[in-house]
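Residue numbering restarts at 1 for every chain, and letters A, B, ... go by the order of the sequence lines. Computation of the quantities below employed the complete heavy-atom set of this structure, encompassing side-chain atoms and omitting hydrogens, waters and symmetry-equivalent molecules.
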Number of protein chains: 2
Amino acid sequence: MKYLTIGKVAKQAQVNIQTIRYYERQELLPKPLRSESGYRQYTSDTVKRIRFIKHAQELGFSLKEIAELLALRVHADVACESVKSLAEAKIQDIELKIQSLQRMKQTLSTLVTCCEHRKNTSDCPILEALEPPS
Amino acid sequence: MKYLTIGKVAKQAQVNIQTIRYYERQELLPKPLRSESGYRQYTSDTVKRIRFIKHAQELGFSLKEIAELLALRVHADVACESVKSLAEAKIQDIELKIQSLQRMKQTLSTLVTCCEHRKNTSDCPILEALEPPS
DNA sequence: GTAAAGGTTATACTTAAGTATAGAGTCAAG
DNA sequence: CTTGACTCTATACTTAAGTATAACCTTTAC
């Protein structure tokens with residue numbers, strides 16, 4: 001199997017080369033093999049992993065949290081119980097996020113409907129509706 | 001109606017006082033009334049607004065995006081059509097986020113099930129499953 | 001009426017998450 | 001066999017989103 005250079009990985013994963021090295025320093029990516037001359041040698045797993053990271057970021061996870069998510073996999077066979085609770089906590093997190101997003105969406109839909117009816121939007125209590133669950 | 005000082009608002013909204021002033025500079029909060037002596041005078045609307053901001057942040061919106069969301073309300077009666085399209089775009093955003101979170105959640109649930117069955121979790125393809133939609 | 005608590009501005013510092021640059025070595029195409 | 005594209009490390013810069021500090025003024029509580 002052919003190895004990928006950092007430039008190829010960067011292109012495929014749509015990130016800056018520096019970002020890859022940064023993720024390595026932050027231990028979000030494992031230290032890759034090196035060629036004789038010191039070039040990093042990647043496989044397409046790294047591309048997948050980077051895409052996962054970027055994607056999770058867009059969902060509002062910090063790199064630290066993402067590291068935890070990734071660690072779930074790595075250490076799974078080591079400490080199954082703790083993996084399970086971490087995963088369950090994350091699931092809770094995610095459910096709350098989903099609920100909030102759904103409320104947000106609902107409110108925006110209401111706003112759109114208001115717009116369609118050309119009424120004054122002071123009837124659309126966007127702020128109130130978007131408030132966190134009290 | 002009694003006004004709130006910045007300290008009260010900070011306490012009620014659970015944020016740092018500096019954060020409130022920072023939001024004002026960033027125009028996420030309107031410039032408040034001032035007392036004779038220059039103290040900011042708020043109403044509880046500001047508390048709501050700050051809570052909304054913090055909440056939206058947790059969902060992965062940047063302050064800039066949040067400013068747009070908030071602007072929907074302010075300018076609604078001014079340019080209804082453009083508000084509508086902005087809102088619709090945000091709804092799309094939100095739907096995508098929800099979908100991703102749901103996939104993420106599904107995968108984590110699978111991981112939990114694996115843990116429960118005490119199998120080796122190399123069967124749980126967390127990375128693959130959590131990948132962005134291709 | 002005087003401290004303590006809380007407000008004001010302005011400026012500087014911090015953290016997360018990159019991004020850019022310099023100076024040097026390596027690879028591959030003509 | 002050299003030139004251009006690529007890589008390496010190390011260091012420094014940037015942006016977003018706050019936080020902290022100094023030096024000063026105002027309000028409140030005893």
Take atom [atom1] of [X] and atom [atom2] of [N], then tell me their distance rounded to the nearest Å.
X     : N      : atom1 : atom2 : result
A:R25 : C:dT19 : CZ    : P     : 12 Å
A:Q18 : D:dA12 : CD    : P     : 16 Å
B:E24 : C:dA10 : CD    : P     : 12 Å
B:K8  : C:dG6  : NZ    : P     : 9 Å
A:Y22 : D:dT15 : OH    : C1'   : 13 Å

Can you check whether A:F61 reaches B:L101 side chain to side chain, under 4.5 Å on heavy atoms? yes
Once you apply a heavy-atom cut-off of 4.0 Å, does [X] come out as touching a base, just sugar-phosphate, or nothing?
X     : value
A:S62 : sugar-phosphate
B:R21 : base
A:K54 : sugar-phosphate

Donor-acceptor pair present, A:Y23 side chain and C:dG18 base, under 3.5 Å: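 There is none.
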Looking at A:Y39 and C:dC27, is any side-chain donor or acceptor paired with a base atom of the opposite kind under 3.5 Å? no
Which of these nucleotides, [options], is closest to any side-chain atom of [X]?
X     : options                : answer
A:I6  : D:dA17, C:dG7, D:dC8   : D:dC8
A:S37 : D:dG18, D:dA20, C:dC27 : C:dC27
A:R40 : D:dT9, D:dT19, C:dT9   : D:dT9

I'd like to know if the side chain of B:K54 pairs up with that of B:Q57 as donor and acceptor (distance under 3.5 Å, no hydrogens or angles considered).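 Side chains of B:K54 and B:Q57: pair found under 3.5 Å.
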Does a nitrogen or oxygen in the side chain of [X] sit under 4.0 Å from OP1 or OP2 of [N]?
X     : N      : answer
A:T19 : C:dA17 : no
B:R34 : C:dT9  : yes
B:Q57 : D:dG18 : yes

How about B:E27: does its CD atom have over 12 heavy atoms from other parts shown lying under 6.0 Å from it? no
Between A:I17 and B:V15, just flag the one whose closest nucleotide in DNA chain D comes earlier from the 5' side. A:I17
If I take atom CG from residue B:L29 and atom CD1 from residue B:I50, how far apart are they, to the nearest 0.5 angstrom?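 It is 5.0 Å, given to the nearest 0.5 Å.
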In Å and rounded to the nearest 0.5 Å, what is the CG to CD1 distance from B:L96 to B:I91?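 Answer rounded to 0.5 Å: 12.5 Å.
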